[in-house]
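Have a look at the structure below, then the notes.
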Amino acid sequence: MQPLHILLLILAYFGVLILISYITGKSANNQTFFKANNSSPWYLVAFGMIGASLSGVTFISVPGWIEGDKMSYMQMVLGYVLGYAVIGLVLLPLYYRLNLTSIYTYLEGRFGRYSYKTGASFFLLSRTIGAAFRLFLVANVLQLILFDAYGVPFWATVAITILLIWLYTFKGGIKTIVWTDTLQTLFMLIAVGVCIVMIKDEMQIDNLFSYVVNNDLSKTFFFDDIKAGNYFWKQFFSGAFISIVMTGLDQDMMQKNLTCRNLKDAQKNMFWFTIVLVIVNFFFLALGVLLTDYATANEINAHKDELFPTIAMSGDLGIATALFFLLGLIAAAYSSADSALTSLTTSFSIDILEIDKKDNEEEREKTRKKIHILFSFILVATILIFKYFIADESVIAKIFQFAGYTYGPLLGLYAFGLFTKLNVKDKLVPIICLIAPVLTYVISFYSKEKMGFDFGFFVLILNGALTFLGLLAIKTSKNA
């Protein structure tokens with residue numbers, strides 16, 4: 001594809017998103033921006049959440065994992081099912097009963113103001129870093145295939161990327177995102193399907209399912225070495241807890257669920273979302289098997305995050321593959337990034353500035369719009385920092401690795417709040433939530449160096465357990 005064709009595709013794509021924004025943003029206010037007036041159809045929320053959960057990182061990195069880790073990622077995906085069941089049966093009833101806008105206000109009622117601010121702050125840090133990682137990956141690809149040809153510097157690519165997201169989210173917020181994410185998820189799934197069919201035909205594969213199942217790269221379950229990072233039970237329970245914290249304790253994902261008309265609709269959303277997500281992840285891994293074999297057969301020197309973009313954009317599989325790859329990448333990236341920007345704006349506005357307690361509606365809207373712009377600049381700055389410090393490994397692994405340290409305190413706080421009736425010394429909670437990740441890192445590091453035991457993604461559970469024990473140590477005599 002020529003750079004001009006790519007540019008026209010991007011402009012047309014965002015033209016559609018801005019049109020949706022215009023339609024859904026009419027008569028929008030803060031209630032629309034934060035909760036879509038509780039009017040979202042559950043099936044749209046469920047479908048749109050697929051794209052937001054997968055993101056551009058999954059689109060590129062999961063297929064690239066196959067070469068080194070085979071299909072072990074599916075062990076985590078199966079763990080997600082358990083985690084989503086906990087969300088639907090435990091967390092969603094709590095959020096709807098309390099009629100929450102930000103899910104972290106639960107912590108204020110349960111423990112106190114310091115706990116509330118601590119939980120919200122860990123989310124803001126986690127989501128900012130996570131969204132920036134995802135956008136960094138996509139910005140790099142766009143830089144390589146488009147903006148370098150026009151002499152546009154990387155910082156400008158990033159700024160343009162964030163500006164486009166801001167343009168279609170600044171007015172309608174989560175109401176707009178429910179609809180745009182539905183469209184973007186559809187584009188992403190079509191893209192994966194087209195790429196699988198194209199490479200299957202190129203490799204002259206008659207039965208795709210048999211080819212993948214019988215392939216040496218399709219090994220999924222690993223029970224042999226308990227010390228290894230891909231040991232089944234480590235990944236399964238890590239997947240369960242990752243889904244609980246990165247969906248159920250994450251304002252970004254829960255904000256969509258809270259736009260449903262009632263609890264029953266939100267639970268239906270989680271049920272169907274879970275089923276579709278498992279199927280979609282399998283197809284991503286199957287695509288990874290095909291791409292890895294294709295690269296080996298054609299002596300293509302591309303690995304991990306470079307594998308899918310290199311093959312898709314080479315032109316060897318036809319212009320349709322390149323076109324749909326690019327469309328799918330943009331759709332996957334922006335369906336995650338737009339909701340991140342909205343949820344960051346929501347959490348900072350409600351949890352930190354507490355604008356919902358102000359009487360003047362006009363003032364509340366002005367403040368929310370300023371915060372929206374502020375986080376746009378923060379994302380740009382964070383991505384530019386990653387440009388110079390990003391490590392040479394799969395991006396998706398880094399996100400989950402980082403999540404283990406930043407979401408762990410949230411896991412400990414909510415577990416303590418939901419499964420005990422104990423109260424804590426609220427002012428000491430921030431200290432506990434800072435000490436726990438540090439101890440987690442030390443234990444994880446020395447465990448691997450001295451005993452050869454790799455916690456892998458299990459650091460999330462370790463971190464949550466240490467936070468829970470820390471809260472137990474600062475309990476008070478009064479029960480909640």
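As the structure is a prediction and not an experimental result, all values here were calculated from the model. We number each residue from 1, following the sequence as shown.
- Side chains of Asp293 and Asn215: a donor-acceptor N/O pair is present below 3.5 angstrom, by distance only.
- Tyr95 has its ring centre no less than 6.0 Å from the ring centre of Tyr106.
- Here the side chain of Gln143 pairs no donor or acceptor atom with the backbone of Thr157 at under 3.5 angstrom.
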- Full working for ring-ring contact (aromatic ring centres under 6.0 Å, His included) between Tyr407 and Phe122: CA-CA 7 Å; Tyr407 280 97; Phe122 268 96; 9.3 Å; no

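- The main-chain N or O of Lys70 is never found under 3.5 Å from a side-chain atom of Lys219 such that the two would form a donor-acceptor pair.
- The list of salt bridge (Lys or Arg N to Asp or Glu O under 4.0 Å) pairs with a residue in residues 333-342, not counting sequence neighbours, is empty.
- Between Thr346 and Gln255, the closest heavy-atom pair is OG1-NE2, 2.9 Å.
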- Task: Go through the steps for Asp351 and Lys117 under the test salt bridge (Lys or Arg N to Asp or Glu O under 4.0 Å), then give the verdict.
- Result: CA-CA 7 Å; Asp351 300 324; Lys117 299 295 183 182; over 6 Å; no

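- Using modelled atom types, one finds no donor on one side chain facing an acceptor on the other under 3.5 Å when comparing Ser349 with His372.
- The number of heavy atoms from other shown groups lying within 6.0 Å of NZ (Lys425) does not exceed 12.
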- Task: Under the ring-ring contact (aromatic ring centres under 6.0 Å, His included) rule, what do Phe325 and Phe308 come out as? Steps first, then yes or no, please.
- Result: CA-CA 9 Å; Phe325 165 78; Phe308 194 8; 4.8 Å; yes

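- Thr467 and Cys433 get closest at one heavy-atom pair: CG2-SG, 4.2 Å.
- In this structure, Tyr80 and Ile242 approach most closely via the heavy-atom pair CE2-CG2, 4.4 Å.
- What you find for Ile311 and Leu291 is that their closest heavy atoms are CD1-O, 3.5 Å.
- Annotation: Asn262, atom CG; neighbour count of heavy atoms from other residues, nucleotides and ligands within 6.0 Å is above 12.
- Leu249 is not listed as a side-chain neighbour of Leu413, based on a closest heavy-atom distance of 4.5 Å or more.
- Inter-residue side-chain proximity for Asp250 and Ile103 is flagged as unmet; no heavy-atom pair is nearer than 4.5 Å.
- In terms of the salt bridge (charged side-chain N to carboxylate O under 4.0 Å, His left out) criterion, residue partners of Glu108 (sequence neighbours excluded) are, by chain and number, Arg113.
- Relative ring orientation between Phe236 and Phe232 is described as parallel, the plane-to-plane angle staying below 30° on a 0-90° scale split at 30° and 60°.
- Two residues are said to be in side-chain contact when any heavy atoms from C-beta on lie closer than 4.5 Å; Asp265 and Val45 fail this criterion.
- Considering only heavy atoms from C-beta on, Phe47 stays 4.5 Å or farther from Leu44 through its side chain.
- Remark: the backbone N or O of Gly417 is paired with a side-chain donor or acceptor of Arg110 at under 3.5 angstrom.
- Using cut-offs of 30° and 60° for the angle between ring planes, the Phe416 and Phe111 rings count as tilted.
- Between Lys256 and Ser339, the side chains place a donor N or O and an acceptor N or O closer than 3.5 Å (distance only, hydrogens not considered).
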Do any side-chain atoms of residues 276-283 form donor-acceptor pairs under 3.5 angstrom with protein atoms, and if so which ones, sequence neighbours left out?
{"unit_1": "Asn281", "atom_1": "ND2", "unit_2": "Leu277", "atom_2": "O", "d": "3.0"}

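- Within the 3.5 Å criterion, the main-chain N or O of Gly88 finds a donor-acceptor partner in the side chain of Gln267.
- Using a distance-only test at 3.5 Å, with no hydrogens or angles considered, no donor-acceptor pair links the side chain of Asp252 to the main chain of Ser343.
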